[in-house]
Amino acid sequence: MDSCPGNPARRGALPGGTVRPGRYQAVVRRARPEDIPALVASSAALFAEDAGTRDATVDINWPLAQGAERFAQGIDDPARLSLVAEHDGGVIGHLVGTVADGSAMRPVKLATLHSLYVRPAHRGTRTGARLVAAFLDWAREQGAQLAEVTAYAANADAIRFYERNGFGPHTLTLGRPL
């Protein structure tokens with residue numbers, strides 16, 4: 001097991017539950033059916049923090065209303081990957097991704113990272129980077145030739161995170177209200 005047992009102070013926990021970077025490693029593993037409630041909670045936290053502050057067109061209650069069904073469908077789907085990051089027996093983050101065959105116009109098998117969240121108290125511990133690395137390994141095993149992720153243009157922290165993990169600008173989507 002990758003998590004550090006014993007005294008919270010020796011594991012790197014600070015008062016208030018914040019974790020010191022580099023003092024432990026969360027366990028990154030495929031999600032199981034019993035993880036669905038934690039996946040829904042993690043996804044709901046992502047929606048509230050990210051889309052909830054940047055995109056009024058997104059229903060931030062979607063994970064609570066539809067997430068359990070969506071996660072349940074994806075657990076055993078070979079074209080979908082659901083990962084959890086676990087520390088001290090609790091889920092502290094997740095990643096959801098897919099692979100899809102190319103088309104005649106774009107004949108490249110594509111891996112798409114759809115959702116990534118790490119609880120704020122566990123950021124800076126390389127948990128997000130480990131989730132991304134596991135996703136990229138899985139994508140290669142599936143024969144993907146390209147991986148992509150989207151981030152809100154206003155989310156500079158997410159953009160920097162993805163750039164540190166090897167992603168770079170590829171396309172730009174512009175929008176306007178009608």
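- When every heavy atom of Trp138 is checked against every heavy atom of Pro78, the shortest pair comes out as CZ2-O, 3.6 Å.
- For the pair Ser42 (side chain) and Ala38 (backbone), a donor-acceptor distance under 3.5 Å is absent.
- Val28 and Leu95 fall within a single hydrophobic cluster, where Ile, Leu, Val, Met, Phe, Trp and Tyr side chains are chained together by heavy-atom contacts under 4.5 Å.
- Taking hydrophobic clusters as Ile, Leu, Val, Met, Phe, Trp and Tyr residues chained together by side-chain heavy-atom distances below 4.5 Å, Ile60 shares a cluster with Trp62.
- Taking the six-membered ring for Trp and thresholds of 30 and 60 degrees, Tyr162 and Phe167 have ring planes more than 60 degrees apart, a perpendicular arrangement.
- Of all non-hydrogen atoms in Phe161 and Leu116, the two that sit nearest each other are CE2-CD2, 3.4 Å.
- When all heavy atoms are compared, the tightest approach of Ile92 to Ala26 is CD1-CB, 3.8 Å.
- Across all their heavy atoms, Glu49 and Pro120 have their closest contact at OE1-CG, 4.2 Å.
- Interatomic distance, NE2 of His87 versus OG1 of Thr127, reported as 8.0 Å (0.5 Å rounding).
- For the atom pair CD (Gln142) and OG1 (Thr98), the distance works out to 11.0 Å, reported to the nearest 0.5 Å.
- Val40 and Ala68 make their closest contact through CG2-N, 3.5 Å (heavy atoms, listed as atom of the first residue, atom of the second, distance).
- Under the 3.5 Å distance criterion, the side-chain polar atoms of Gln145 are matched with a main-chain donor or acceptor of Lys109.
- Rounded to the nearest 0.5 Å, atoms CD (Glu148) and NE2 (His170) are 7.0 Å apart.
- Criterion: ILVMFWY side-chain heavy atoms under 4.5 Å apart, direct or through other members. Under it, Leu46 and Ile36 are not part of a common hydrophobic cluster.
- In this structure, Arg30 and Leu81 have side chains that are in contact, with non-hydrogen atoms separated by less than 4.5 Å.
- Of all heavy-atom pairs spanning Phe135 and Gly97, the tightest one is CE1-CA, 3.8 Å.
- The main-chain N or O of Val91 is found under 3.5 Å from a side-chain atom of Arg119 such that the two form a donor-acceptor pair.
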Using the side chain to side chain donor-acceptor pair (under 3.5 Å) rule, take Ser43 and His94 through it: C-alpha gap first, then chi angles, then the decisive distance, then the call. CA-CA 8 Å; Ser43 184; His94 80 277; 4.8 Å; no
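- When side chains are defined from C-beta on, Gln66 does not count as touching Asp59, because their heavy atoms never get closer than 4.5 Å.
- Looking at Val96 and Phe71, their side chains come closer than 4.5 Å, going by heavy atoms from C-beta outward.
- Going from atom CZ of Arg32 over to atom CG of Asp76 covers 13.0 Å, rounded to the nearest 0.5 Å.
- By the 4.5 Å heavy-atom criterion applied to side chains, Arg80 and His114 are not counted as neighbours.
- Side-chain atoms of Arg123 come within 3.5 Å of backbone N or O of Val118 as a donor-acceptor pair.
- The shortest distance between side-chain heavy atoms of Arg140 and Leu136 falls below 4.5 Å.
- Going from atom CG of Leu39 over to atom OG of Ser82 covers 6.0 Å, rounded to the nearest 0.5 Å.
- Asn165 contributes atom CG, which lies 9.5 Å from atom CG of Leu113 (distance to the nearest 0.5 angstrom).
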